[in-house]
Amino acid sequence: MIQTLGDWVRSHHCAQLNGSHLGAQVCLMGWVQYRRDHGGLIFIDLRDREGLTQIVFSPEANAQAHQEAHVLRSEYVVAIQGLVRNRPRGMENDSLVTGRIEVVVQDWKLLNTSRTPPFLLEERVDVSDHLRLKYRYLDLRRKKMSQNLKLRHLGLQSIRNLLNDQGFVEVETPVLTKSTPEGARDFLVPSRQNPGHFFALPQSPQLFKQLLMISGQDRYYQIVRCFRDEDLRADRQPEFTQIDLEMAFVQEDQVIELSELMMQELFAATVNTPLQLPFPRMTYDEAMETYGLDRPDTRFELHLQNVTDIVKNSQFKLFAQADLVKAIRVEAGGRLTRKEIDDLTAFVKIFGAKGLAWIKVKDDEWQSPIAKFLNEQEKQELHNRLRLQSGDIVFFQAGSPEIVNAALGNLRLKLAEWFDLIPENRLDFVWITDFPLFEWDQEEKRWAACHHPFTSPRETDLHLLETAPEQARARAYDLVLNGHEIGGGSIRIHQADIQAKMFQALGISGEEAEAKFGFLTDALGYGAPPHGGIAFGLDRLIMILCKASSIREVIAFPKTQKGTCLLTDAPTEVPTRQLRELNLRLRDKTA
RNA sequence: GGAGCUGUAGUUAAGUUGGUUAUAACGCCGGCCUGUCACGCCGGAGGCCGCCGGUUCGAGUCCGGUCAGCUCCGCCA
């Protein structure tokens with residue numbers, strides 16, 4: 001029954017034929033999307049990557065071909081030879097690109113059958129992620145997924161074109177590389193030839209691209225897979241793709257301008273949207289003050305407002321004793337019910353908040369559990385600072401800056417969604433600059449690099465490394481789009497003595513620095529040029545362009561939240577022989 | 001490591017206060033059908049109610065545990 005392709009050659013794809021092909025003899029190949037068997041007349045919608053074409057099996061055209069076509073089922077693979085003709089008057093389907101024509105079959109071949117698919121390959125069918133991932137090859141046949149992959153391809157192509165035009169050279173760096181102490185948990189690969197030694201998969205090609213600058217390569221880029229063995233999120237996979245680039249003899253502005261050009265090309269090539277350059281810039285401090293997060297979604301206002309000074313002597317101890325008190329005013333938010341406020345309270349507790357204070361502003365009074373603790377002057381000052389109007393609701397957070405900002409910053413996003421404040425189709429880019437160089441690692445009780453240990457401090461802050469590390473600023477920059485961090489980079493340290501100071505400030509001993517990063521500090525000693533660069537999260541960018549809510553939608557074969565592949569069942573156990581070759585022995589599970 | 005949501009036919013869902021044979025739509029199978037396009041009409045098959053245990057005369061329903069998928073916190077230089 002199943003036939004070979006023989007000498008049949010495809011002449012067109014399934015979104016190609018139109019009125020200009022009338023009377024042409026064509027050959028199409030693809031999958032049966034729908035079958036409409038009228039007995040005397042059979043229609044199928046033939047699908048390939050590009051689209052659908054209606055095929056008609058008619059006894060008048062070829063009685064045997066029509067008779068045999070009764071076996072066709074969903075996802076059978078067929079080759080069709082036939083004539084292009086107009087559909088009868090009134091039978092056109094304007095919802096299809098090819099809806100005005102059809103191909104009447106002269107001859108056809110069944111190239112393969114298909115088991116009944118576990119789910120319908122239609123957009124309207126909402127299938128569980130589990131099934132979609134298990135049968136990913138079927139999921140990818142769906143139009144939306146196919147379009148996502150295509151858009152990703154177009155995006156990559158446009159970025160390569162731009163970077164090539166701008167004098168960048170694409171260089172590949174090792175995937176089997178060295179484990180480094182800072183940063184994310186490494187994926188390890190045991191070395192068979194070197195018992196007890198391990199490679200790590202790169203978290204990013206950071207050190208290699210710096211070495212390429214020292215190699216005089218001047219402008220490097222790579223579309224590169226990166227690996228981080230950390231827990232997954234909707235926008236985090238253990239392997240993901242970076243657009244990684246580095247430039248010699250540059251300052252921040254050159255990297256930023258190049259990046260903006262790249263975004264302009266990308267958005268033009270994929271969604272045909274012009275971008276206004278340059279993008280606005282905001283300091284880290286400003287972002288934290290106004291938005292509570294270092295990746296502010298600037299598509300809507302709903303700013304956080306600092307009211308610490310107003311309540312610092314308040315009777316309300318919770319406010320008076322707090323390091324930071326901030327408020328967020330929602331215009332006409334007073335219609336929130338008690339139940340809804342309870343839900344929001346539960347929401348902020350996720351971020352470590354103890355509770356959520358609120359005030360509903362009425363015409364002549366405040367309805368609030370905390371109003372009785374505030375005196376007239378405090379009320380008046382709050383009223384003025386927050387520009388309160390009847391019908392508003394105000395939420396407060398008091399406590400440590402970390403928790404206040406996290407709770408209120410995330411509450412801001414939640415409220416925007418709730419009150420439908422986020423304009424659709426808007427693309428708000430913003431650069432975040434002047435990051436702190438260090439952050440305090442509570443667990444390890446030491447300073448950790450905010451960006452990474454190779455980020456250059458501001459020259460004027462060099463002396464702070466030893467005296468007041470918390471005040472030192474980094475020459476780092478993040479690009480944020482609609483509240484997503486889509487890229488980040490910095491000007492790097494290119495002098496060995498400054499790099500040594502940096503390691504020292506991070507509590508990395510001279511010995512350890514030599515063992516872990518000796519090759520870099522050595523290289524810095526041989527005429528390293530000033531350099532800087534940036535890396536973009538390609539998956540997140542494409543996700544936003546596809547209006548998807550998870551990067552799984554733009555990765556062909558993603559992992560589940562537990563880091564497994566439902567399609568291949570990886571990771572799996574391996575035979576003991578294989579472990580022995582690698583000089584590995586599994587620890588007793590009960591130990 | 002932690003919190004939450006979900007799990008019933010191939011799929012998506014409904015299933016009341018614990019009570020007879022677990023519903024529906026789509027899909028699938030058979031039949032009819034020459035202008036459909038998510039074709040239509042007639043008929044049919046299809047269930048370890050995620051899994052294990054408990055409560056009960058009786059569990060899809062209540063309780064405990066466990067597994068899986070998703071969302072989030074921690075984590076992600």
Side-chain angles (χ1 to χ4, degrees), chain A residues 33-46 52-61 66 70 73-75 87-96 98-99 102 104 115-135 138 180-186 203-204 206-207 226-238 240 343 346-353 403 406-407 410 414 435 437-439 441-444 447-455 474 476 485 488 490 502 506 508 535 537 549-550 552 559-562 564 566:
Chain A
Q33 175 78 18
Y34 299 114
R35 162 184 68 113
R36 295 178 292 278
D37 188 341
H38 290 228
L41 201 59
I42 301 170
F43 299 94
I44 63 168
D45 288 340
L46 188 70
L52 296 176
T53 299
Q54 174 163 289
I55 309 296
V56 191
F57 295 87
S58 156
E60 284 113 52
H66 168 262
H70 286 297
R73 294 293 183 272
S74 284
E75 300 308 313
R87 297 190 186 189
R89 202 179 301 268
M91 297 299 159
E92 297 89 351
N93 181 352
D94 286 330
S95 62
L96 277 183
T98 57
E102 63 191 10
V104 60
R115 299 162 67 185
T116 301
F119 51 88
L120 290 175
L121 307 187
E122 294 178 2
E123 299 313 306
R124 65 193 173 89
V125 178
D126 200 17
V127 193
S128 73
D129 287 288
H130 186 99
L131 264 189
R132 291 181 59 200
L133 291 176
K134 181 168 180 189
Y135 298 96
L138 296 180
T180 51
E182 296 272 317
R185 193 176 293 118
D186 286 321
Q203 299 174 26
S204 85
Q206 179 60 36
L207 295 175
C226 302
F227 305 87
R228 294 177 189 177
D229 187 8
E230 298 293 347
D231 287 352
L232 284 75
R233 290 285 187 282
D235 62 353
R236 270 166 37 190
Q237 285 271 311
F240 62 100
D343 288 346
F347 176 76
V348 294
K349 283 182 177 171
I350 294 171
F351 304 96
I403 290 178
N410 284 291
K414 186 87 171 174
F435 280 84
L437 191 60
F438 301 104
E439 59 194 351
D441 186 330
Q442 194 59 43
E443 257 177 55
E444 307 262 328
W447 291 104
C450 212
H451 195 60
H452 57 55
F454 318 105
T455 300
E485 186 202 323
S490 63
M502 187 70 182
L506 288 167
I508 300 173
S549 54
S550 164
R552 290 188 304 274
K559 307 274 189 288
T560 67
Q561 192 162 42
K562 283 197 72 185
T564 66
L566 293 178

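Each chain gets a letter, A, B and so on, in the order the sequences are listed, and its residues count up from 1. Quick caveat: nothing in here was measured; it's all calculated off a predicted structure.
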Provide the distance between the two [atom1] atoms, one in [N] and one in [M], to the nearest whole Å.
N: G47(B); M: U8(B); atom1: P; answer: 15 Å
N: C41(B); M: G60(B); atom1: C1'; answer: 35 Å
N: A59(B); M: G31(B); atom1: C1'; answer: 41 Å

Exercise. Classify the side chain of Glu102(A) versus the base of G35(B) as yes if they form a donor-acceptor pair under 3.5 Å and no if they do not.
Key: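 Side chain to base: pair found, below 3.5 Å.
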Quiz item: Is there a donor and acceptor pair, one atom on the side chain of Arg236(A) and one on the base of C76(B), closer than 3.5 Å?
Solution: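 Indeed there is one.
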Can a side chain N or O of [X] be found less than 4.0 Å away from OP1 or OP2 on [N]?
X: Arg36(A); N: C39(B); value: yes
X: Ser128(A); N: U12(B); value: yes
X: Arg73(A); N: G27(B); value: no
X: Arg132(A); N: U12(B); value: no
X: Thr116(A); N: G27(B); value: no
X: Arg115(A); N: G10(B); value: no
X: Lys562(A); N: A68(B); value: yes

Practice problem: Just name whichever nucleotide pairs with G30(B), Watson-Crick or G-U, keeping both distances under 3.5 Å, else none. | Solution: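 Across any shown strand, G30(B) pairs with C42(B).
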Quiz item: Should A3(B) form a Watson-Crick or G-U wobble pair with both distances under 3.5 Å, which nucleotide is its partner?
Solution: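 Across any shown strand, A3(B) pairs with U71(B).
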How is [X] classified with respect to the nucleic acid when contacts are heavy atoms under 4.0 Å: base, sugar-phosphate, or nothing?
X: Glu92(A); answer: base
X: Ser204(A); answer: base
X: Asp129(A); answer: sugar-phosphate
X: Pro118(A); answer: sugar-phosphate
X: Phe351(A); answer: sugar-phosphate

Consider the side chain of [X], meaning its heavy atoms from C-beta on, and name the nucleotide among [options] that approaches it most closely.
X: Leu131(A); options: U11(B), U36(B), C26(B); answer: U11(B)
X: Phe43(A); options: G35(B), C73(B), U71(B); answer: G35(B)
X: Arg35(A); options: C37(B), C70(B), C29(B); answer: C29(B)
X: Asp231(A); options: C75(B), G35(B), G69(B); answer: C75(B)
X: Arg233(A); options: G74(B), C70(B), U36(B); answer: G74(B)
X: Ala234(A); options: C72(B), C26(B), G69(B); answer: C72(B)
X: Arg552(A); options: U71(B), C37(B), G69(B); answer: U71(B)
X: His130(A); options: C70(B), A68(B), G27(B); answer: A68(B)
X: Glu60(A); options: U34(B), U71(B), C28(B); answer: U34(B)
X: Arg87(A); options: C29(B), C37(B), U34(B); answer: C37(B)

Quiz item: If we only count heavy atoms from C-beta on, is the Ile55(A) to Glu102(A) side-chain gap below 4.5 Å?
Solution: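 In short, these two side chains do not touch, never coming nearer than 4.5 Å.
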Quiz item: Is any side-chain heavy atom of Leu52(A) closer than 4.5 Å to a side-chain heavy atom of Leu46(A)?
Solution: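 SC-SC contact between Leu52(A) and Leu46(A) ruled out.
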Practice problem: Could you label the plane-to-plane angle of the His452(A) and Phe454(A) rings as parallel, tilted or perpendicular, counting under 30° as parallel and over 60° as perpendicular? | Solution: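 Aromatic pair His452(A)/Phe454(A) classed tilted.
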Practice problem: Hey, which sits more toward the 5' end of RNA chain B by its nearest nucleotide, Ser550(A) or Gly39(A)? | Solution: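 The residue closer to the strand's 5' end, by nearest nucleotide, is Gly39(A).
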Self-check item: 5'-most by nearest nucleotide on RNA chain B - Gln206(A) or Asn410(A)
Solution: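 Closer to the 5' end of RNA chain B: Asn410(A).
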Exercise. Would you kindly give the CG-to-P distance between Leu46(A) and C37(B), to the nearest whole Å?
Key: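 About 19 Å, once rounded to whole Å.
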Self-check item: Rounded distance (Å) that lies between atom P of G69(B) and atom CG of Leu232(A)
Solution: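 For the pair Leu232(A) CG and G69(B) P, the rounded distance is 11 Å.
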Practice problem: Using the six-membered ring for Trp and the full ring for Phe, Tyr or His, decide whether His38(A) stacks on the six-membered base ring of U36(B) (centres under 5.5 Å, planes under 30°). | Solution: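 Stack criterion not met.
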Exercise. Check the side chains of Tyr34(A) and Glu122(A) for a donor-acceptor pair under 3.5 angstrom, ignoring hydrogens and angles.
Key: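 There is such a pair (donor and acceptor under 3.5 Å, judged by atom type) between the side chains of Glu122(A) and Tyr34(A).
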Quiz item: Counting N and O atoms only, with roles assigned by atom type, does the side chain of Glu60(A) sit under 3.5 Å from a partner on the main chain of Ser58(A), one being a donor and the other an acceptor?
Solution: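 Side chain of Glu60(A) to backbone of Ser58(A), a donor-acceptor pair under 3.5 Å: no, none is there.
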Quiz item: Does the pair Arg185(A) and Glu230(A) meet the rule for a salt bridge (charged side-chain N to carboxylate O under 4.0 Å, His left out), with working shown?
Solution: CA-CA 6 Å; Arg185(A) 193 176 293 118; Glu230(A) 298 293 347; 3.5 Å; yes
Quiz item: With a 4.0 Å cut-off, would you call Asp45(A) and Arg35(A) a salt bridge?
Solution: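 No salt bridge links Asp45(A) with Arg35(A).
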